[in-house]
Amino acid sequence: MPPEPIRLATWNVNSVKIRIVQLLDWLRSARPDVVMLQEIKCLAEDFPRLEIEDLGYNVAAVGQKSYNGVALLSRHPMTVEHTALPGDPGDTHARYLEAVVEPPANGAGKRPVLRAATIYLPNGNPVDSDKYPYKLAWMRRLRQHAKALLALEEVVVLGGDYNVCPTDDDVYDPVGWRNDALCRTESRAEFRALINLGYTDAVRALNPQPHYYSFWDYQAGRWQRDEGLRIDHLLLSPQAADRLAQSGIDRAPRGRDKPSDHTPAWCELAG
DNA sequence: ATGCCTTGCGGAGCAAGA
């Protein structure tokens with residue numbers, strides 16, 4: 001009997017406290033094994049862990065008051081490895097959390113561990129403020145760490161809100177957005193550099209069609225017009241990419257009442 | 001359009017998001 005596949009998803013929930021009912025409903029229906037959350041917008045001690053643990057998940061969170069904040073949910077045992085992106089102890093934003101997940105053994109024997117990180121990459125707007133160089137510096141740090149992870153030769157999934165539209169195909173209005181921090185040449189070059197280390201964009205790899213979005217602004221009827229951006233990504237190490245079976249974007253949560261402006265991106269790795 | 005909508009904070013009106 002073949003081992004069970006493992007499903008992973010990333011979702012910027014735009015406040016986990018406001019979105020708890022939508023999050024629980026989605027966990028019950030999508031039943032992902034590992035979830036990367038962003039913008040929980042609360043302290044870790046205020047994260048609604050009991051409700052999520054009741055659905056069978058282990059929970060790890062790094063939070064701060066009001067802004068940012070990330071969390072990992074896993075149906076399998078999980079050991080936290082990093083609660084911040086290495087490389088700048090002065091960076092106090094809650095934007096990175098990495099853990100090792102132990103999948104259950106099966107008939108064929110022990111399965112390799114999975115290393116999962118949840119990433120909330122800085123937005124970077126406005127581009128003439130110090131937020132943009134902060135974003136680019138954060139991306140360089142991420143590249144350094146992602147390179148070190150490759151040397152481990154593990155199954156690695158770096159999932160999150162990257163705040164980068166990789167190409168013009170990932171934006172509803174490329175000309176209007178070309179000077180935005182999400183689409184600027186430097187942001188795209190940094191994202192490509194990350195990919196060029198040897199990572200695979202799991203959603204793009206199996207869904208090459210343009211205009212396959214993960215975010216729609218609340219304003220100006222962007223959802224109703226399907227005018228969105230693809231900025232939520234799952235990057236796979238070669239050992240993970242070798243197992244990539246399915247991937248996609250689950251639009252359903254974006255169409256529900258009181259939605260986040262992002263919707264989950266997901267992938268499934270063969271067991 | 002320095003807007004439009006939605007959050008947190010705090011108890012009004014910003015700041016931040018993307």
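What's counted below: heavy atoms across the whole structure, side chains too, no hydrogens, waters or symmetry copies. Here is how names work: the chains are called A, B, and so on, in the same order as the sequence lines, proteins then strands, and each is numbered from 1.
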Inset, instruction - Round to a whole Å and report the spacing from CG of D170(A) to P of dA18(B). - result: 16 Å
Inset, instruction - With P as the reference atom in both, quote the distance from dA18(B) to dC14(B) in angstrom, rounded to an integer. - result: 22 Å
Inset, instruction - Between A220(A) and L229(A), just flag the one whose closest nucleotide in DNA chain B comes earlier from the 5' side. - result: A220(A)
Inset, instruction - Quick one: closest heavy-atom pair of M139(A) and E190(A), and the distance? - result: CE-CB, 3.6 Å
Legend entry - Pair R95(A) + D161(A), salt bridge at N-O below 4.0 Å: no
Inset, instruction - Looking at every strand, decide which applies to D232(A) at a 4.0 Å heavy-atom threshold: base, sugar-phosphate, or nothing. - result: nothing
Legend entry - dA1(B) versus dA16(B) - spacing of their P atoms, nearest Å: 24 Å
Inset, instruction - Could you check whether K135(A) gets within reach of a base, just the sugar-phosphate, or nothing at all, counting any heavy atom under 4.0 Å? - result: nothing
Inset, instruction - For Y120(A), report the nucleic acid contact type (base, sugar-phosphate, nothing); a contact means any heavy atom under 4.0 Å. - result: sugar-phosphate
Legend entry - Interatomic distance, Y134(A) OH vs dA16(B) P [rounded to whole Å]: 13 Å
Inset, instruction - Scan D46(A) against the nucleic acid and name what it touches under 4.0 Å (heavy atoms): base, sugar-phosphate only, or nothing. - result: nothing
For nucleotides 7-12 of chain B, list the nitrogen or oxygen atoms of the protein found under 3.5 Å from its nitrogen or oxygen atoms, one pair per line.
unit_1, atom_1, unit_2, atom_2, d
dT7(B), OP1, R19(A), NH1, 3.0
dT7(B), OP1, R19(A), NH2, 3.4
dT7(B), OP2, K258(A), NZ, 3.1
dT7(B), O3', S15(A), OG, 3.4
dG8(B), OP1, S15(A), OG, 2.5
dG8(B), O3', S66(A), OG, 3.4
dC9(B), OP1, S66(A), N, 3.3
dC9(B), OP1, S66(A), OG, 3.2

Inset, instruction - Using atom types as modelled and distance alone, determine if a side-chain donor or acceptor of S15(A) lies under 3.5 Å from a backbone N or O of K41(A). - result: no
Inset, instruction - Using whole Å, report how far CH2 of W216(A) lies from C1' of dA18(B). - result: 14 Å
Legend entry - C1' atoms of dG13(B) and dT2(B), separation to the nearest Å: 16 Å
Inset, instruction - Calculate the interatomic distance between R256(A) atom CZ and dT6(B) atom C1'; express it in whole Å. - result: 18 Å
Inset, instruction - Please report, rounded to the nearest Å, how far the C1' atom of dT6(B) is from the CG atom of D257(A). - result: 15 Å
Legend entry - Spacing of the P atoms in dC4(B) and dC9(B) (rounded, Å): 22 Å
Inset, instruction - Look at H262(A) and dG17(B) and indicate whether a side-chain polar atom (N or O) is within less than 4.0 Å of OP1 or OP2. - result: no
Legend entry - Whole angstrom value for the distance that separates C1' of dA16(B) from CG of N68(A): 9 Å
Inset, instruction - Using a cut-off of strictly less than 4.0 Å, decide whether K131(A) has a side-chain nitrogen or oxygen near OP1 or OP2 of dA18(B). - result: no
Legend entry - Side chain S214(A), main chain I231(A), donor-acceptor under 3.5 Å: yes
Legend entry - Check ion pair K65(A)-D46(A) (N to O, under 4.0 angstrom): no
Legend entry - Separation of dC4(B) P from D217(A) CG (nearest whole Å): 12 Å
Inset, instruction - Please measure how far the C1' atom in dG10(B) lies from the corresponding atom in dA15(B), and state the result in whole Å. - result: 13 Å
Inset, instruction - Identify whether the distance between the nearest side-chain nitrogen and carboxylate oxygen of R188(A) and D168(A) falls below 4.0 Å. - result: yes
Legend entry - Residue pairs, two or more places apart or on separate chains, that pass ring-ring contact (aromatic ring centres under 6.0 Å, His included) and touch residues 140-170 of chain A: H82(A)-H145(A), Y96(A)-H145(A), Y162(A)-F191(A), Y162(A)-H233(A)
Inset, instruction - Can you tell me the distance, in whole Å, between the CD atom of E39(A) and the P atom of dA15(B)? - result: 18 Å
Inset, instruction - Measure from the side-chain N and O atoms of R178(A) to the backbone N and O of C183(A), and report whether any donor-acceptor pair falls under 3.5 Å. - result: no
